[in-house]
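As structure tokens, the structure follows; a few thoughts come after it.
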Amino acid sequence: EEPTKLKIAGILSAGKEAPWETSFVNSMNRVIAAKPHGLDIEVNYTENVYDNAEQVFRTYAQTGEYDILFGDTAYVDAIEALKDEFPETMFVMSGSGNHGLGGNAYWIFIHAHEPAYVMGQFAGKLTKSNVIGAISTFPAEDTNDQINAFFQGARDVNPEVKAKMTFIQSWFDPTKSNEATSAQIAAGADMIYQMSGAFEVCEERQIGCFGNYVDMSKVAPKSIVASTIVKWDPHINWIIDQWWKAKTTDAEFDAPMKPKWFPWSEGSGDLVVNPAWKDKIPADVLALAKKTEEAIKNGEKKIELDMSEPKAE
Amino acid sequence: MLDQLLQASILASIAAATIRIATPLLLAAIGELVAERSGVYNMGVEGMMLMGAFIGYLAAYESGSLWFGVFAAALTGGLMALVFAIMTITLKVEQIVTGLALNLLGAGLSNYWLRAAFAGEGKTPVIPHFSDVPIPGLSELPLVGPILFDQRVLTYLAFLLVPVVWFFLFRTRYGLIVRCAGENPKALDVKGVGVAPVQYAAVIFGGIMAGIGGAFLSVGSAARFVPDMTNGRGWLVIIIVIAGLWRPWPVLVATLAFSLLDALQLQIQGIGLDVPYQLLLMMPYVVAIVALAIRPSRGGAPATLGVPYLRE
Amino acid sequence: MDTTTPARLSVRHLTKSFGQMVANQDISLDILAGELHCLLGENGAGKSTLSSCLYGLYQPDEGEIRIDGAPVDLNSPGDAIRAGIGMVHQHFVLVPTFTVLENIAVGTGSGLSLDRRSALRRIAVICEEYDIPLAPDRLAGDLSVGEQQWVEIVKALYTGARLLILDEPTAVLTPDESRKLFAVIRRLIDDGISVMLISHKMTEVMQSDRVSVLRKGRLVATVKTAEVTRDKLTAMMIGGQPPSAARAQRDTVGSGQVLSVRDLTLSRDGRPALGEVSFDLAAGEILGIAGVSGNGQDDIFECLAGLTTPDSGSIAIEGKALLHASPAEMAGRGVGYVPSDRFRDGLVSDLTIAENLTLGQQWSSRWRKGPLLDRTALDTNAETAIADYAIAAPGPSARCGKLSGGNAQKVILAREFAKARRILLCNQPTRGLDVGAVGFVHRELQRKRDEGCAILLASEELDDLFQLADRIMVMFRGRVMATLDTQAATYEQVGHLMAGQEKQAAAA
Amino acid sequence: MERRREQRPGARFVGLAVALAGALILCSLLFVAAGASPLHAFSALLKGSFGSLRATGETLVKATPLIFTGLAACVAFRARIWNIGAEGQVFAGAMCAFWIQHNLAGFPAAVQLPVIVIASIVGGALYAGIAAVLKTRFSVDEVISTVMLNYIIVYVLSLLLLNGPWSEAGGFFEQTARIDKSAWLPVLLSGTRLHAGFLLALAAAVLVQILLSRTPLGYEIKAAGSNLRALEVQGTNVRRVILVVLLVSGALAGLAGITEVYGVHHRLKAGAIMGYGYTGIIVAILGQLHPAGIVVAAILFGALVNGGTLMQIETGVPSALIYAIEAILLLFFLGGWSACNFRLRRVRHA
Ligand SMILES: Nc1ncnc2c1ncn2[C@@H]1O[C@H](COP(=O)(O)OP(=O)(O)OP(=O)(O)O)[C@@H](O)[C@H]1O
Ligand SMILES: Nc1ncnc2c1ncn2[C@@H]1O[C@H](COP(=O)(O)OP(=O)(O)OP(=O)(O)O)[C@@H](O)[C@H]1O
Ligand SMILES: [Mg+2]
Ligand SMILES: [Mg+2]
């Protein structure tokens with residue numbers, strides 16, 4: 001007899017308003033609407049979990065009601081402590097800071113470096129000062145990959161480009177992030193990858209900025225050139241498939257030891273150009289970006305996955 | 001690399017950033033200065049700023065008016081200060097502890113309310129924010145014009161308040177009363193002037209200023225609220241008042257010094273000087289400690305700061 | 001002054017208690033217009049409490065206060081000021097960082113601006129009328145004690161008082177300054193202002209028109225001063241015969257220098273505090289220090305107690321030089337120190353009597369059992385001290401903050417006498433004490449001297465010095481003016497020296 | 001209104017009961033505002049904190065660091081030394097312990113555990129010692145220095161963890177690698193996470209009680225809290241007292257670091273040890289600066305934080321509310337307690 005209901009706990013490291021969490025929730029909503037395997041999916045979220053993970057996972061697991069405990073970041077310690085005690089429950093961890101545990105502990109990874117590379121091409125082509133920048137929170141593998149790809153994309157189309165890098169050392173401090181932006185602008189940057197999510201200065205100074213995780217065009221209509229969009233849909237679908245397989249066949253949970261990630265071609269991300277900027281971008285640049293996107297998607301072009309800490313020049 | 005730092009455009013950027021970073025600190029510090037001059041050590045500035053930032057954002061979002069947001073933030077700061085005043089002035093509860101409790105309250109309530117207000121939306125909406133208002137004429141001055149005279153209204157307000165508060169404290173009858181409350185409240189009491197009303201007024205003024213300082217963060221410089229967005233600025237304000245020897249002009253200098261270090265640190269990162277940024281970020285605190293340790297004068301603290309006044 | 005003069009202030013059946021403690025019980029008295037009315041009573045008799053009730057600082061539990069016949073509700077000093085009452089408090093209520101003008105003007109006037117001009121004018125008028133010397137622009141913190149007292153008085157007059165309450169204003173004044181104060185009081189009375197004066201000094205009390213005597217919170221009687229004698233008043237106050245305060249004559253002063261001080265020089269905040277002070281002190285001798293407070297006495301004591309290191313000079317105890325000794329080392333040499341401000345320097349209010357009796361010796365093996373304090377030893381010690389010094393307290397574990405001034409002083413004496421094997425430093429040991437307590441302190445000091453202890457005694461009460469000291473050293477502006485043999489010295493001579501007048505003193 | 005002389009215990013009890021009722025009503029209103037039934041929320045809170053052996057164990061786990069930081073505040077505050085720096089001293093304790101322990105891989109637990117405990121004491125004490133030296137030698141107010149030291153050490157840890165000598169090989173998170181099991185604080189009760197640190201905390205509470213009430217240092221703390229000057233005049237080196245008090249306070253705070261790192265998270269990272277210092281101050285005050293009271297208050301706070309998780313899962317009330325509840329409890333408690341010191345006086349009119 002096949003299950004008709006699926007109950008998921010979404011265990012978020014920060015609040016839902018943070019872009020990373022927003023992208024997760026948005027993807028989850030799309031999956032719920034799509035009803036994979038005809039399942040009625042219910043999701044209950046807990047926010048700001050990061051340092052209290054073991055207790056939150058355990059509290060969910062002990063209710064016995066939840067099929068999948070879906071964590072959006074590095075929860076390997078908590079999952080390792082619990083996975084054998086709750087063999088019927090499926091545990092999910094995401095991104096860097098984890099390691100493979102197998103069994104009922106699944107590990108997914110989001111890499112948005114491919115669209116980030118294309119954004120880098122925009123930046124490299126559009127910059128007048130030949131100085132581009134990136135502002136991020138902390139250096140972490142799953143953000144470093146994007147920043148490195150962004151810089152790489154720019155350099156590949158414009159060898160003159162110099163890159164500036166600032167970490168604001170806070171998960172979310174818009175004021176600091178804005179000041180960091182001003183500082184980079186003063187240092188000559190006119191194309192900035194905003195990973196710490198504050199666009200006020202970009203808007204004011206009307207320089208080119210790039211967003212990530214979700215489409216930032218509405219947030220900063222005057223300055224956003226393009227945004228990478230993170231889509232968890234293939235990952236979530238894969239997890240649900242794995243769960244379905246285990247529940248409908250005799251197979252045990254058997255998670256791979258390596259992280260599961262999906263390339264752009266499989267819908268793990270997207271690139272949205274701000275409609276308001278479309279006219280300002282020369283046609284050849286748009287064409288180049290289109291071409292690169294297709295090449296990446298059909299496998300002709302491989303973008304190096306560089307997760308080391310990006311450095312300024 | 002150093003020569004990069006010394007370029008005119010970079011220096012101008014650092015100067016302008018210093019003034020922006022200084023604004024919320026200065027607003028709150030001026031308020032705290034007056035409160036401490038009246039003898040009350042308000043350690044709840046962080047909580048008041050945070051609630052001010054949140055309510056300012058919420059009110060601006062709901063009403064569509066940024067100035068209404070600022071007004072609501074001032075009200076919120078004032079209200080929290082009223083709670084603080086009732087606790088410490090009327091009920092004589094330890095001031096440091098009450099301040100900590102208010103910080104906790106501010107953090108908890110703003111975070112909770114944020115979640116409750118925007119539950120399910122998954123995202124807090126971005127609102128418009130104040131933009132720069134160049135002062136005609138002055139803002140066109142070469143070099144200093146764009147730095148000093150192309151700022152937000154709240155920034156002008158903050159800097160204008162320094163001479164105003166100086167005049168109030170040292171040139172008016174009420175200023176003398178406020179200072180007397182901090183130096184020897186009994187001297188006020190025996191003149192038939194109630195100590196409590198003076199301290200209430202000073203503390204509430206401090207709260208209002210902290211609220212506006214917080215609002216500057218959420219509607220003046222960012223355009224949204226994020227949990228814990230004050231990020232320790234309330235504590236810095238308390239340090240600034242002490243480093244500024246409880247006097248308006250030195251407080252201004254201390255505020256600018258802290259802000260300059262912060263601006264410098266961001267600029268150095270932006271230029272790409274290969275110094276670990278943690279070192280740069282801790283710089284203001286280290287410098288402050290050293291400055292406090294070697295400062296020549298130790299005076300300035302109101303004599304009965306933090307001591308509740310009892311007649312008997 | 002006859003009783004037909006209308007009463008400026010009438011108190012009827014006033015009762016005020018603090019918890020169980022009844023500080024004022026059923027007090028009824030009248031202060032007439034233009035009279036000098038003295039309030040007399042032992043420490044803790046309730047004089048300050050009564051004044052505070054009259055000034056609206058405390059609200060009486062029962063009773064009625066009338067001003068010029070009309071009942072008033074004094075809920076705050078503001079009410080009192082409006083009713084024409086001014087008060088000079090037992091302890092100064094000044095802001096040291098404010099100027100004299102600011103101290104006087106704060107809280108007065110109206111409007112936003114601080115009208116310095118008119119304030120200056122009013123102060124000048126008052127100062128001229130009563131011949132009070134004041135410099136309005138000096139910082140209150142820079143003033144001498146006497147000058148601060150003038151500020152307090154002008155402050156009270158500035159608010160337009162018609163009844164002035166002075167709570168022990170002369171306790172800190174020199175004889176000269178006290179005389180001057182009385183001259184001012186005279187003028188006030190001539191102007192029709194009533195003065196209620198609290199004092200422990202009989203010479204001053206005798207100058208009043210009428211005296212009200214308080215004992216243990218109750219009014220014993222109000223009498224016309226002209227109709228009583230000093231002894232009668234004292235008997236009323238303490239409820240018995242006063243102890244005789246005759247100077248105990250001694251033939252021999254102990255031999256052997258115990259303490260030798262040479263050329264002690266000290267400056268504080270850049271200002272000279274002590275200039276080349278030298279003296280010797282022998283076992284069994286009492287050396288008195290006379291001087292207006294603030295003329296270096298405190299500095300000598302702080303140097304000797306190890307609290308301050310002098311800039312130059314030498315201190316030797318039994319020939320052993322000890323210039324940079326810490327308080328603990330000094331105590332270790334058998335030096336006991338009775339500080340002038342007992343609640344600031346001498347006692348910890350939150351500690352019990354037993355604990356205060358061992359203050360500073362908490363690590364001594366005498367009071368410890370292994371790493372822990374030996375409570376039994378502490379308590380036994382305290383019980384002995386309570387008995388020996390007749391300390392009025394419930395027991396060893398009573399907190400010192402609850403003791404009256406006299407009893408607090410006894411706790412300090414008990415501790416320091418035990419510590420003072422060689423030298424006892426006594427700075428103002430009788431300040432603010434009542435007659436009974438003063439007599440007790442005198443007897444104890446004599447006993448200690450007879451045991452062979454060398455005693456350095458500073459007092460603003462010349463009576464203390466003339467009764468106890470073998471020699472009197474007079475200090476002025478940090479310097480020794482002269483050291484006189486008590487037998488040969490006169491009050492007048494010492495008074496002149498205290499005021500820095502060498503010639504007149506020599507002539508006298 | 002005027003101050004009461006005598007406290008009747010009855011009045012105090014009533015005052016506190018009223019304060020507690022007020023706090024509960026205010027919290028209930030917040031629950032209602034969040035769209036949850038207060039009854040449901042409170043019962044979830046209770047169930048989550050004491051509903052089972054495991055829940056109780058978890059509550060005690062959460063209480064453990066708070067006991068230490070509460071005691072740290074208690075020792076300092078009794079002497080009226082405002083050590084706001086327990087936060088940084090927790091970091092220092094954890095960092096010092098890790099610094100020494102991570103070189104001891106392979107040693108048996110019997111060696112590593114005592115080393116960890118001692119190192120955390122030393123680390124916390126030394127860091128507090130900086131504030132002590134600043135206060136006694138340079139007269140820098142301890143409130144200021146400790147607050148600034150709190151900020152500085154966060155960056156120092158970050159420096160060490162992020163591409164620093166302590167960062168996890170191949171990792172980018174600001175944390176160390178997992179600590180070897182041999183250095184974990186042993187679990188006391190199987191089926192819970194309750195670790196030996198809790199016993200350590202109880203022992204510390206007893207020791208602090210003895211220290212305060214029975215030893216010469218406790219005597220000095222009491223005296224310093226009332227009249228530091230008299231203590232000095234009477235021959236006690238008050239610089240030493242200030243130094244020792246801050247060292248003891250810092251040492252206690254330092255221990256909170258290892259209970260979290262070696263008892264709960266098994267990694268050194270900022271998030272594991274953050275916030276306990278400030279909360280400890282509140283715990284100390286709620287516990288009336290008495291060790292026994294502090295243990296009770298810490299367990300109460302542990303229960304709130306612990307139960308808050310289940311409350312959020314069951315009722316959807318954001319767990320951030322827990323902090324507001326803590327603050328409201330504290331404010332009402334302080335207000336109620338203080339209000340008992342006063343009685344209203346009817347002003348008679350003649
Ligand atoms: N605020 C108070 N709380 C409790 N008891 C008090 C208070 N003020 C005074 N007392 C007590 O009331 C009694 C009267 O004190 P009061 O100060 O009026 O005495 P006094 O006559 O002025 O003594 P002195 O000559 O020492 O100044 C004393 O026993 C004192 O301990
Ligand atoms: N200020 C202090 N701080 C810390 N420890 C102290 C202090 N004073 C004394 N001690 C310690 O207390 C112990 C005994 O102190 P002390 O020598 O004062 O006692 P004692 O009564 O003279 O004892 P004994 O007669 O046995 O020498 C010594 O071990 C000393 O180290
Ligand atoms: Mg008195
Ligand atoms: Mg010895």
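We name chains A, B, ... by the order of the sequence lines, and we start the count at 1 in each one.
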Side chain, backbone, both or neither: which part of A:Phe167 has a non-hydrogen atom closer than 4.5 Å to chain D? neither
Proximal component of A:Thr143, with respect to chain D [non-hydrogen, under 4.5 Å]: neither
Euclidean distance, A:Thr59 OG1 relative to D:Asn306 CG, rounded to 0.5 Å: 7.0 Å
Which of the residues A:Val49, A:Thr46, A:Asp51 is involved in the greatest number of heavy-atom pairs with chain D at under 4.5 angstrom? A:Asp51
For A:Asn44, is it the side chain, the backbone, both or neither that has a heavy atom under 4.5 Å from a heavy atom of chain D? side chain
Salt-bridge contact D:Lys181-A:Glu80 (side-chain N to carboxylate O under 4.0 Å): no
Test ring-ring contact (aromatic ring centres under 6.0 Å, His included) applied to A:Tyr50 - qualifying residues, sequence neighbours left out: none
Taking the side chain as every heavy atom from C-beta outward, state whether A:Gln62 and D:Arg54 have any pair of such atoms under 4.5 Å apart. yes
Other residues, nucleotides, ligands: >12 heavy atoms within 6.0 Å of A:Lys162 NZ: no
Is atom CH2 of D:Trp99 surrounded by more than 12 heavy atoms (other residues, nucleotides or ligands) closer than 6.0 Å? no
Using a heavy-atom cutoff of under 4.5 Å, enumerate the residues of residues 38-47 of chain D that contact chain A, numbered in order, or state 'none'. none
Give me the atom names and distance for the closest heavy-atom approach of A:Val56 to D:Ile313. O-CD1, 4.5 Å
Could you work out, with salt bridge (charged side-chain N to carboxylate O under 4.0 Å, His left out) as the rule, every residue matching D:Glu260, not counting sequence neighbours? none
My understanding is that only residues two or more places apart in sequence, or in another chain, count here; which of them pass side-chain hydrogen bond (donor to acceptor under 3.5 Å, both in side chains) with A:Asn178? A:Glu200
Heaviest contributor of heavy-atom pairs below 4.5 Å to chain A, chosen from D:Arg193, D:Glu314, D:Met274, D:Lys62, is D:Arg193
When you look at D:His265 and A:Asp77, which way does the side-chain contact (heavy atoms from CB on, under 4.5 Å) test go after all the steps? CA-CA 8 Å; D:His265 292 271; A:Asp77 291 353; over 6 Å; no
Could you tell me which portion of A:Tyr60 (side chain, backbone, both or neither) has an atom closer than 4.5 angstrom to a non-hydrogen atom of chain D? both
